[in-house]
Amino acid sequence: MSMIRDLRAVVRPSARPVPRKEAAAPFEPDTTTSSAVVDCAVYRDGARVESGRPLSPQEAMREARRDGGFVWIGLHEPTEAEFAGIASAFGLHPLAVEDAVQAHQRPKLERYDDSLFTVFKTVHYVEHDQLTANSEVIDTGEVMCFTGRDFFITVRHGGQGSLRALRHRLQEDPELLAKGPSAVLHAIADHVVDGYIAVADSVQDDIDEVETEVFSPGRNGGVSRGVDSARIYQLKREVLEFKRAVAPLQRPMQLLSERPMRLVDPDIQKYFRDVADHVARVHEQVMGFDELLNSILQANLAQASVAQNEDMRKITAWAAIIAVPTMVCGVYGMNFEYMPELHWKYGYPVIMSVTVALCLGIHRTLKRNGWL
């Protein structure tokens with residue numbers, strides 16, 4: 001029971017690990033070892049078996065099947081040729097192998113005769129000083145997992161989503177690793193979903209910032225002119241990318257938590273319910289982001305329209321004021337010989353005084369009505 005109580009602590013460290021690109025393990029290039037292999041190890045009774053030299057996947061498989069335990073192989077962006085030998089040695093299904101090599105797959109769970117094929121989308125929040133129309137907010141990658149009776153293979157795509165720290169944490173809990181490959185599958189699923197939660201919190205901060213800018217009062221307490229709509233649209237695109245990673249994962253986690261599978265240890269299966277609950281929560285949060293951004297975008301466009309209408313009212317008001325002297329000057333600018341007050345001594349000051357009075361009266365009326 002101590003293993004079960006410590007499960008959450010193992011796969012959920014208190015500090016967020018800084019994602020970094022894994023360097024390939026120092027395997028000697030030969031005909032059996034792929035240069036894409038990041039790590040390859042045999043685990044027996046929950047402990048890593050030290051062989052004194054790097055093992056090729058084929059050697060690790062033979063040792064695990066001869067002496068018991070399971071082999072965990074990690075690969076990073078293998079080519080079809082690099083993965084072919086491993087796929088053949090472990091009897092992986094060709095369709096799953098094709099998906100693992102080509103990447104760009106949606107999250108899913110597929111069951112084959114002797115293995116499970118699971119696809120996870122990893123997400124990473126890209127730090128930025130200020131959100132712009134070209135800001136990259138979310139960076140995505142992929143982790144494909146092959147789970148068998150005596151093997152676990154991970155194929156990772158993208159620069160984020162390193163599993164090295166997770167492997168080290170699992171190695172510190174032999175009781176958990178003794179449960180076999182399904183324990184590793186749960187740990188990776190929980191690790192990926194915890195990343196979703198962290199990214200969702202960061203995206204929430206960006207949305208709050210945009211929302212504050214949109215609904216903050218304008219200059220002198222007037223109508224806000226909103227923000228650049230391209231910024232909101234870019235954030236909406238990033239949230240859509242986030243949703244593509246979260247939404248399809250709900251069904252696989254439900255299957256792993258509810259349907260008995262012979263490759264998943266019963267003691268581990270119940271903990272997939274916790275992962276499924278977290279996926280559902282993040283999915284609801286992301287859907288809320290999408291709806292909130294729609295509302296913010298509509299409000300921003302409405303504010304821009306109101307601001308334009310206010311500008312048009314001011315322009316119209318000033319045009320009305322300017323129309324008075326324009327009319328007077330137009331009348332007295334005509335070259336008629338006989339016009340009233342044309343040769344009157346006080347004609348000019350009287351006309352100018354009447355013009356100014358009319359302009360001031362119109363200005364006062366328009367300002368009282370909120371047009372200026």
First locate atom NZ of Lys179, then atom CG of Leu176, and finally report the distance between them rounded to the nearest 0.5 Å.
9.0 Å
Please test Asp206 against His128 for side-chain hydrogen bond (donor to acceptor under 3.5 Å, both in side chains), starting from the C-alpha separation and ending with a verdict.
CA-CA 10 Å; Asp206 283 337; His128 47 270; 3.3 Å; yes
Would you call the rings of Phe146 and Phe83 parallel, tilted or perpendicular, where under 30° means parallel and over 60° means perpendicular?
tilted
Are Arg231 and Glu213 within salt-bridge range, i.e. N to O under 4.0 Å?
yes
Donor-acceptor contact present, side-chain Glu172 to main-chain Leu170, <3.5 Å
no
Answer whether the closest heavy-atom distance between the side chains of Trp72 and Ile153 falls below 4.5 Å.
no
Between Asp113 and His93, is any side-chain donor less than 3.5 angstrom from a side-chain acceptor?
no
Exam field: side chain Ser88 to backbone Ala84, donor-acceptor pair closer than 3.5 Å:
no
Step-by-step salt bridge (charged side-chain N to carboxylate O under 4.0 Å, His left out) determination, Arg44 to Asp67:
CA-CA 8 Å; Arg44 187 177 302 120; Asp67 301 328; 3.7 Å; yes
Give the cluster check for Met287 versus Phe289: same hydrophobic cluster or not, with ILVMFWY residues linked at side-chain heavy-atom distances below 4.5 Å.
no
Side chain to side chain contact (heavy atoms under 4.5 Å, CB included) evaluation trace for Leu249 with Val193
CA-CA 10 Å; Leu249 190 59; Val193 174; 4.2 Å; yes
Drop me the distance from Gln171's CD to Arg48's CZ, to the nearest 0.5 angstrom.
5.0 Å
Ile322 side, atom CD1; Ile362 side, atom CD1 - distance, nearest 0.5 Å
11.0 Å
Between Glu110 and Lys108, does any side-chain N to carboxylate O distance fall below 4.0 Å?
yes
Within a reach of under 6.0 Å around OH of Tyr233, are more than 12 heavy atoms found that belong to other residues, nucleotides or ligands?
no
Salt-bridge test for Arg53 and Glu59: reply yes if a basic N is under 4.0 Å from a carboxylate O, no otherwise.
yes
About how many Å separate CZ of Arg237 and CD of Glu136, when rounded to the nearest 0.5 Å?
11.5 Å
Output for pair (Tyr112 OH, Leu92 CG), nearest 0.5 Å, gives 10.0 Å
Spell out, yes or no, whether Val210 and Leu240 are grouped together once hydrophobic residues are joined by side-chain heavy atoms under 4.5 Å, including indirect joins.
no
Salt-bridged, Arg244 to Glu241, with N to O below 4.0 Å?
yes
Pick one: which of Arg65, Arg66, Arg62 meets salt bridge (Lys or Arg N to Asp or Glu O under 4.0 Å) with Asp150?
Arg65
Identify the heavy atoms of Val192 and Thr122 that sit nearest to each other, and give their distance.
CG2-CG2, 4.1 Å
Donor-acceptor pair, distance only, cut-off 3.5 Å: does the side chain of Glu82 make one with the backbone of Thr79?
yes
Validation row: Val38, Leu75 side chains within 4.5 angstrom (heavy atoms):
no
side-chain hydrogen bond (donor to acceptor under 3.5 Å, both in side chains) between Asn294 and Gln298, worked out:
CA-CA 6 Å; Asn294 283 335; Gln298 293 299 324; over 6 Å; no
Do Val155 and Val101 come close enough that some side-chain heavy atom pair is under 4.5 Å?
no
Assess whether a salt bridge exists between Lys270 and Asp265, defined as any Lys/Arg side-chain N lying under 4.0 Å from an Asp/Glu carboxylate O.
no
Evaluate the side-chain proximity of Arg169 to His191: yes if any heavy-atom separation is below 4.5 Å, no if none is.
yes
Taking every heavy atom of Leu263 against every heavy atom of Thr147, the minimum-distance pair comes out as CD1-O, 3.6 Å
If only side-chain N and O atoms count, and only distance matters, is there a donor-acceptor pair under 3.5 Å linking Tyr125 with Asp205?
no
Pairs satisfying ring-ring contact (aromatic ring centres under 6.0 Å, His included), at least one member in residues 290-324, at least two apart
Trp318-His363
Summary of salt bridge (charged side-chain N to carboxylate O under 4.0 Å, His left out) pairs that have at least one residue in residues 350-365, sequence neighbours excluded
none
Under a 4.0 Å threshold between the charged nitrogen and the carboxylate oxygen, would Lys236 count as salt-bridged to Asp290?
yes
Result for side-chain contact (heavy atoms from CB on, under 4.5 Å) between Phe151 and one of Ser115, Pro57, Pro181 points to Ser115
Checking Glu63 side chain against Gly68 main chain: does a donor-acceptor pair fall under 3.5 Å?
no
Linked, directly or transitively: Ile197 and Val199 (ILVMFWY side chains, under 4.5 Å):
yes
Exercise: identify the closest heavy-atom pair between Ala87 and Val97:
CB-CG2, 3.6 Å
Between Cys145 and Phe120, does a side chain to side chain contact (heavy atoms under 4.5 Å, CB included) hold up when you go through it step by step?
CA-CA 8 Å; Cys145 302; Phe120 298 97; 3.9 Å; yes
What pair of heavy atoms forms the shortest contact from Pro260 to Glu258, and how long is it?
CD-O, 3.6 Å
Answer yes or no: is there a side-chain heavy-atom contact under 4.5 Å between His157 and Val143?
no
Phe272 and His186 aromatic ring geometry - parallel, tilted or perpendicular at 30°/60° bounds
perpendicular
Kindly indicate whether the side chain of Glu211, heavy atoms from C-beta on, has any atom under 4.5 Å from the side chain of Leu292.
yes
Could you report the tightest heavy-atom contact between Val275 and Ala189, atom names first, then the distance?
CG1-O, 4.1 Å
More than 12 heavy atoms of other groups within 6.0 Å of Glu80 CD
no
Could you tell me the separation between the NZ atom of Lys121 and the CD atom of Glu142, rounded to the nearest 0.5 Å?
4.0 Å
Go through Val137 and Val239 one step at a time and tell me if the side chain to side chain contact (heavy atoms under 4.5 Å, CB included) criterion holds.
CA-CA 9 Å; Val137 179; Val239 168; over 6 Å; no
Just checking Asp201: does its CG atom have more than 12 heavy atoms from other residues, nucleotides or ligands closer to it than 6.0 angstrom?
yes
Would Tyr196 and Gln285 count as a side-chain hydrogen bond (donor to acceptor under 3.5 Å, both in side chains) here? Give the steps.
CA-CA 10 Å; Tyr196 293 168; Gln285 193 172 3; over 6 Å; no
NZ/NE/NH1/NH2 to OD/OE distance under 4.0 Å, Asp114 and Arg149:
no
For the student: nearest non-hydrogen atoms of Gly158 and Arg156, plus distance
O-NH1, 3.2 Å
A side-chain contact here means heavy atoms from C-beta on lying under 4.5 Å apart; do Leu185 and Ile268 qualify?
no
Is the shortest heavy-atom distance from the side chain of Val123 to the side chain of Phe242 under 4.5 Å?
yes
